[in-house]
Amino acid sequence: MPWHRKHLLTIEELSRAEIEQLLATAGAFRRILDRKVKKVPALRGKTIVNLFLEPSTRTRISFEMAAKLLSADVISFDAAASSTTKGETLRDTAQNIQALNADMIVLRHSASGSPLYLSKVLGIPVINAGDGAHEHPTQALLDVFTMREKLGNLKGRKVVILGDILFSRVARSNIHALTKLGADVTIVGPSTLVPHWFEAMGVSVSHHLRSALADADVVMLLRIQHERQGVSHFPSLGEYTSMFGLNYTRASWVKPDAIIMHPGPINRGVEIDSDIADSPRSVILQQVTNGIAVRMAALYLCAGGQPEHVTTPLE
Amino acid sequence: MSLLWIKNGRVIDPASQRDKVGDVFIAAGKFVKSLTAAQKKSAQIIDAKGLVVCPGLVDIHVHFREPGQTHKETILTGSQAAAAGGFTTVVCMPNTSPVVDNAGTVALIKSLAAAAPVHVYPTGCITVGMKGQSLAPHGSLQKAGIVALTDDGLCVQSNELMHRAVEYAKMFDLTILDHCQDDSMTDKAVMNEGVMSTRLGLKGWPHAAEDIIVARNIILSKYTGAHIHMQHVTSAHSVELMRRAKKDGINVTAEATPHHIALTEQALGTYDTNFKMNPPLRTEADRRAIIAGLRDGTLDCIGTDHAPHAPEEKDREFDYAPNGIIGLETALPVCLDVLVKKNKFKLPHVIDLMTRKAANILKLPAGTLTPGAVADVCIFDPAETWIYDTYAAFSKSINSPWNKQKLTGRVKTTIVSGKIVYQNGKMV
């Protein structure tokens, strides 16, 4: 099956087969990352613009790395340096970038739905690098890629996502990806941050940590995004930690072979204690490395590449 | 003396319970029982065969943006949109720039309204600057010509201030129109809170924030005896609160918009800002409850909340686009489709909701074909199917969810004070 999408906007709109294609392509790129010379010429001559209108370190660097390893030219800029601060609209900013001959835009934006909006305005591919509380497709892809690496097939596997689900685009994209791949997803956290509305997305909602952790194969922690919340969602970070923080005792409730994940940035001592974050069960840094491969796959496929061409050597 | 003879139409006048094929006569701007033989010879004849002839439609909730935001709409363009939609009487909200909290702004609006093709009535603010902090001069505003008080868009949050506002306004027999929203529960909210907002990652506006203020207003109305009108009711719970209040004989009324009876939050799947309004589209259960409320009289009338915004203002990220859609030119066909076709309302009932009952809320001299009344008429073809095109339409703005859609039911002629102001797609 050829890849036919020009944009990567959401996981929700992808079929299971498309997710598999992305993961397979990422697998091929992941092997390249272990080579001495990591660069491949797949996107030579293409220019990718990282339009990051919301602060990001990891995702932006990861996309830059991915673009460079594909031999694309990459230009990144963030909100502070952009003309959006002078009152220019997103449409105008993006159309100018397109007029400057960019071949692709990677967009990070605080407003949900803005990548879809941009994809309708522009003729070039748009990759969603996180939109508001909506989706963060490449994060979910790198997460399931990492889970697959550790656990194999995810069908029937139990994944617990613990933390601030309401404001999390990572949670939403993971919910879509994992349910499409047949995993059982339970979301856990305070009732104000894990509302029952999520059940309509095919997941279980729990506010009871111990029972949720008992049979988990994966525990994915999310940062408490207190900068996004109003004053009313929960009492304090201290209360959150005391009720839901993953510490040594609570980690012992999890099966020994389960893995612990976190999309970062982690707040040590809040949602996760250091000894757990740094333990052998933690795959947090492997997630980061796999992120490069997944983003290479996303850029490569949306630029018109085909999965089968990557499985053979690219030199 | 200008004479009009509207012939052979299906004449529907809920006020006189008239619904049969016949003629309507107009002389000197008023309806008359009939014309003399001599008058008939000189009268201008409108052949209404196959058409419905009803009172000019009445909308007690429009935003004409003048003064101050004339890039969105003006009193003239808004009135033209009204006429094209069959509306002959509209009530303008006071959230202009400056807001209508002083007699001078009322005078300005009235002078502009005098040149408009339909009857345009201003409202005044409940509070100074619509800031919700101190009472605006209701008495002076009434002397200047307002017909009701409202801080539409910015619900008065202080219960004490609202209490005193309705108590004070009652002295002038002025109705308070309230946009029911507890702001503390809707900070940065852009759509209904629920499954859909969760899926889309958008900040939710819980219907409880409307219900709480509807309940508060019912309590204050009962406590003071003042008339409070709930604008654009959107939630099933609010409909239920209104039903009980009316059963208890409390002096409250309420309206529903065409979009809240036609659409739900499901329409937001593509983040189309032409479906973003405040209060937001809600669930199918809410939509059905609003229709049930219109059916049993719990909700009194249709109001469009015609809210024009310039294209570049709406063409943005969903979070940043302003709330509101235009509705005057689509209200009649949308209500015919939703209420008559899909929910089996009788046509006279729907016309009642859009004419007499709307006018009665503010005691406006409109909404009937009774002899002696001001001759405002809407003549429409209930069967004609047409494509609504915002660019060809009369509103200055294009923010409609029905753009390029096929609608059934089309206004052919609009008559205001005995004068044809709109006919066959053109302003006269």
Side-chain angles (χ1 to χ4, degrees), chain A residues 9-13 53-54 84 87-95 107 109-121 128 130-136 165-173 175-176 187 193-203 205 225 228-233, chain B residues 71 181-209 212 264-276 280-286 309-323 398-399 403-404:
Chain A
L9 305 174
T10 66
I11 298 291
E12 187 178 10
E13 69 184 349
L53 301 177
E54 193 187 54
T84 55
E88 191 176 55
T89 62
L90 177 61
R91 173 194 278 268
D92 287 327
T93 302
Q95 283 181 333
L107 178 70
H109 199 304
S110 61
S112 297
S114 39
L116 174 65
Y117 169 76
L118 218 53
S119 74
K120 290 176 179 171
V121 168
N128 181 4
D131 61 327
H134 180 220
E135 285 230 32
H136 193 350
I165 311 292
L166 180 60
F167 294 92
S168 175
R169 51 190 170 222
V170 176
R172 284 172 180 77
S173 285
I175 287 169
H176 290 303
I187 56 175
L193 296 179
V194 187
H196 64 90
W197 309 114
F198 277 98
E199 284 166 356
M201 290 166 73
V203 301
V205 169
Q225 305 188 68
R228 288 184 200 274
Q229 296 152 5
V231 288
S232 51
H233 280 85
Chain B
H71 63 294
Q181 175 175 6
D182 182 327
D183 291 347
S184 70
M185 298 176 72
T186 59
D187 184 38
K188 299 192 183 79
V190 295
M191 70 171 291
N192 181 48
E193 178 173 277
V195 170
M196 199 66 183
S197 67
T198 302
R199 210 189 102 203
L200 295 175
L202 292 171
K203 182 87 193 327
W205 190 139
H207 67 75
I212 284 167
T264 70
E265 60 177 6
Q266 292 302 318
L268 290 166
T270 58
Y271 299 87
D272 184 339
T273 60
N274 283 329
F275 294 85
K276 181 182 178 185
L281 297 175
R282 299 211 189 269
T283 65
E284 178 63 11
D286 292 306
H309 291 292
E312 68 275 14
E313 293 167 334
K314 275 293 205 182
D315 181 19
R316 300 213 56 177
E317 298 91 320
F318 195 85
D319 276 342
Y320 306 155
N323 287 306
I398 58 167
N399 50 316
N403 186 30
K404 298 282 191 290

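Here is how names work: the chains are called A, B, and so on, in the same order as the sequence lines, proteins then strands, and each is numbered from 1. From a predicted model like this one, the values you see are computed outputs, not experimental measurements.
- Proximity to chain A (any heavy atom under 4.5 Å) is shown, for E312(B), by neither the backbone nor the side chain.
- Residue F198(A) touches chain B through both its backbone and its side chain, counting heavy-atom pairs closer than 4.5 Å.
- With rounding to the nearest 0.5 Å, the separation of CG in L118(A) from CD in E317(B) is 8.5 Å.
- For chain B, the nearby part of H109(A) is the side chain; its heavy atoms alone come within less than 4.5 Å.
- The OG atom of S114(A) sits 8.0 Å away from the CG atom of D319(B) when rounded to the nearest 0.5 Å.
- Using a 4.5 Å cut-off on side-chain heavy atoms (C-beta onward), Y320(B) and S110(A) make contact.
- With a 4.5 Å cut-off on non-hydrogen atoms, T270(B) touches chain A through its backbone and its side chain both.
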Check: residues 194-205 of chain B side-chain donor-acceptor pairs under 3.5 Å, at least two apart:
unit_1: S197(B); atom_1: OG; unit_2: N192(B); atom_2: O; d: 3.3
unit_1: S197(B); atom_1: OG; unit_2: G194(B); atom_2: N; d: 3.0
unit_1: S197(B); atom_1: OG; unit_2: G194(B); atom_2: O; d: 3.1
unit_1: T198(B); atom_1: OG1; unit_2: G194(B); atom_2: O; d: 2.7
unit_1: R199(B); atom_1: NE; unit_2: E12(A); atom_2: OE1; d: 3.2
unit_1: R199(B); atom_1: NE; unit_2: E12(A); atom_2: OE2; d: 2.7
unit_1: R199(B); atom_1: NH2; unit_2: E12(A); atom_2: OE2; d: 3.4
unit_1: K203(B); atom_1: NZ; unit_2: D187(B); atom_2: O; d: 2.8
unit_1: W205(B); atom_1: NE1; unit_2: N278(B); atom_2: OD1; d: 2.5

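- Within the 4.5 Å cutoff, side-chain heavy atoms of D315(B) are placed close to those of R91(A).
- With sequence neighbours excluded, no residue satisfies salt bridge (Lys or Arg N to Asp or Glu O under 4.0 Å) with K188(B).
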